[in-house]
Amino acid sequence: MAENALARIAIISSFIIFVALAVTSSDASEAATKYHFENLKQTNFVFYMHDLATGRNNLTVNAVAGVPHKRWWILEFGTVFVCDDKLTEEYGWDSTEVGRAQGLYVNSQVDAKSVHLLVSLVFTNKEFNGSTLEIQGADKFTKYREVSVVSGTGKFRLARGFATLETVNLDIPLLYAIVRWNVTVFHY
Ligand SMILES: *[C@@H]1O[C@H](CO)[C@@H](O)[C@H](O)[C@H]1NC(C)=O
Ligand SMILES: *[C@@H]1O[C@H](CO)[C@@H](O)[C@H](O)[C@H]1NC(C)=O
Ligand SMILES: *[C@@H]1O[C@H](CO)[C@@H](O)[C@H](O)[C@H]1NC(C)=O
């Protein structure tokens, strides 16, 4: 009787130790493989996006549709924009262009505080010339937000990843925003 109980305790405690070890090792391997996909390269880069909705020259974005009898602008739910935003290496408008963000965004939150962003990053710099990244996500009107990299072409075939966006300049009268992008992408 007593021997049986001891044996049972021994079996149960070794089972507990086994489970504990299994949990520990799966935690460790999960941490080690966080954001790590087999045989994929990780590329990180930063650039600045210029989104300018006013002015005769340099216009990069246009409101093309919206709710009837409402103003078609960034702070109105339902307004659709087409953009060809300039992407530069550094902060300034005149800094070296590295590509364009071509596509559209739609104010898609009823309180008007977020847009759905759907653009191709079309690169023209030396490193990624001709390659593209497909971006999609909720682009909230907060200083920082994150959108998805859902795929790509050229050097970025089958890519996926994410980008953190930070509004670094917002000129309301000019309707001019400069957004810093920090992209993390996994690709072949
Ligand atoms: C628009 O382009 C002109 C000429 O290239 C430049 O001088 C001006 O600073 C630009 N405007 C803005 C708001 O970037
Ligand atoms: C990018 O590719 C185009 C077309 O092949 C070429 O004309 C251009 O010079 C290239 N740009 C750079 C920076 O390599
Ligand atoms: C970009 O984002 C990555 C991952 O989120 C972060 O580790 C890195 O420090 C950031 N780099 C810059 C230059 O902001």
Side-chain angles (χ1 to χ4, degrees), residues 24-53 57-62 74 81-106 108-109 113-172 174-188:
T24 312
S25 75
S26 95
D27 274 352
S29 74
E30 195 185 319
T33 57
K34 197 179 183 193
Y35 302 144
H36 179 80
F37 303 100
E38 290 298 315
N39 303 322
L40 292 181
K41 281 183 283 210
Q42 179 179 343
T43 299
N44 275 86
F45 49 86
V46 168
F47 58 78
Y48 293 83
M49 180 179 85
H50 301 262
D51 186 77
L52 178 60
N57 309 316
N58 318 335
L59 191 80
T60 72
V61 57
N62 240 324
I74 191 66
F81 297 85
V82 170
C83 67
D84 181 7
D85 285 354
K86 178 170 166 154
L87 311 178
T88 59
E89 224 169 75
E90 300 294 339
Y91 175 85
W93 172 271
D94 291 321
S95 161
T96 308
E97 187 167 311
V98 297
R100 311 288 298 199
Q102 298 173 342
L104 50 92
Y105 54 85
V106 186
S108 52
Q109 189 164 302
K113 288 180 181 162
S114 178
V115 300
H116 183 71
L117 180 65
L118 193 59
V119 293
S120 301
L121 303 179
V122 181
F123 294 99
T124 53
N125 59 336
K126 198 165 176 223
E127 198 178 1
F128 303 124
N129 198 6
S131 297
T132 66
L133 282 178
E134 295 307 309
I135 304 296
Q136 185 170 16
D139 182 0
K140 294 178 180 298
F141 297 166
T142 50
K143 188 162 171 65
Y144 297 95
R145 60 274 182 198
E146 189 173 310
V147 293
S148 305
V149 173
V150 293
S151 197
T153 66
K155 285 195 176 171
F156 296 126
R157 283 179 180 172
L158 299 173
R160 54 186 165 145
F162 56 92
T164 52
L165 275 53
E166 176 189 359
T167 303
V168 287
N169 185 53
L170 188 60
D171 187 327
I172 303 276
L174 266 186
L175 297 176
Y176 179 30
I178 306 176
V179 177
R180 181 179 186 271
W181 285 58
N182 178 353
V183 181
T184 299
V185 60
F186 298 91
H187 58 102
Y188 288 102

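Note that this is a predicted model, so its numbers are computed, not measured. In each ligand, atom 1 is the first atom listed, and ligand 1 is the first ligand listed.
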**OP:** Distance to 0.1 Å, residue and atom name: give those for the protein heavy atom nearest to atom 6 (C) of ligand 3.
**Re:** N182 ND2, 4.2 Å

Subject >> Ligand-side contact atoms (ligand 3) for residue partner V46, heavy atom cut-off under 4.0 Å >> reply: 13 (C)

Subject >> Verify atom 2 (O) of ligand 3: protein non-hydrogen atom under 4.0 angstrom away >> reply: yes

Original post:
Do any nitrogen or oxygen atoms of N129 lie less than 3.5 angstrom from nitrogen or oxygen atoms of ligand 2?
Top reply: yes

Original post:
Do any N/O atoms on N44 end up under 3.5 angstrom from N/O atoms on ligand 3?
Top reply: no

**OP:** Looking only at protein heavy atoms, identify the closest one to atom 13 (C) of ligand 2 and say how far it is in Å.
**Re:** T124 O, 3.5 Å

Subject >> Positive for side-chain contact (heavy atoms from CB on, under 4.5 Å) with F81, one of L117, N62, I74 >> reply: I74

Subject >> Among N182, D139, T164, side-chain contact (heavy atoms from CB on, under 4.5 Å) partner for E146 >> reply: T164

Subject >> Atom CZ of R145 with >12 non-hydrogen neighbours under 6.0 angstrom >> reply: yes

Original post:
Taking both backbone and side-chain atoms of T184, is any N or O found less than 3.5 Å from an N or O belonging to ligand 3?
Top reply: no

Original post:
Is it the side chain, the backbone, both or neither of R180 that has a heavy atom closer than 4.0 Å to ligand 3?
Top reply: side chain

Subject >> Minimum-distance protein heavy atom relative to atom 5 (O) of ligand 3 >> reply: F162 CE1, 4.0 Å

Original post:
Any chance NZ of K126 has more than 12 other-residue heavy atoms, nucleotides or ligands included, within less than 6.0 Å?
Top reply: no

Subject >> Which atom of T124 lies closest to which atom of N129, heavy atoms considered >> reply: CA-OD1, 3.5 Å

Original post:
Among W93, Y91, Y176, whose side-chain hydrogen bond (donor to acceptor under 3.5 Å, both in side chains) with H50 holds?
Top reply: Y176

Original post:
Does the protein put any heavy atom within less than 4.0 Å of atom 10 (C) of ligand 2?
Top reply: yes

**OP:** Could you check Y105 against D85 for side chain to side chain donor-acceptor pair (under 3.5 Å), going step by step and ending with a plain yes or no?
**Re:** CA-CA 12 Å; Y105 54 85; D85 285 354; 5.2 Å; no

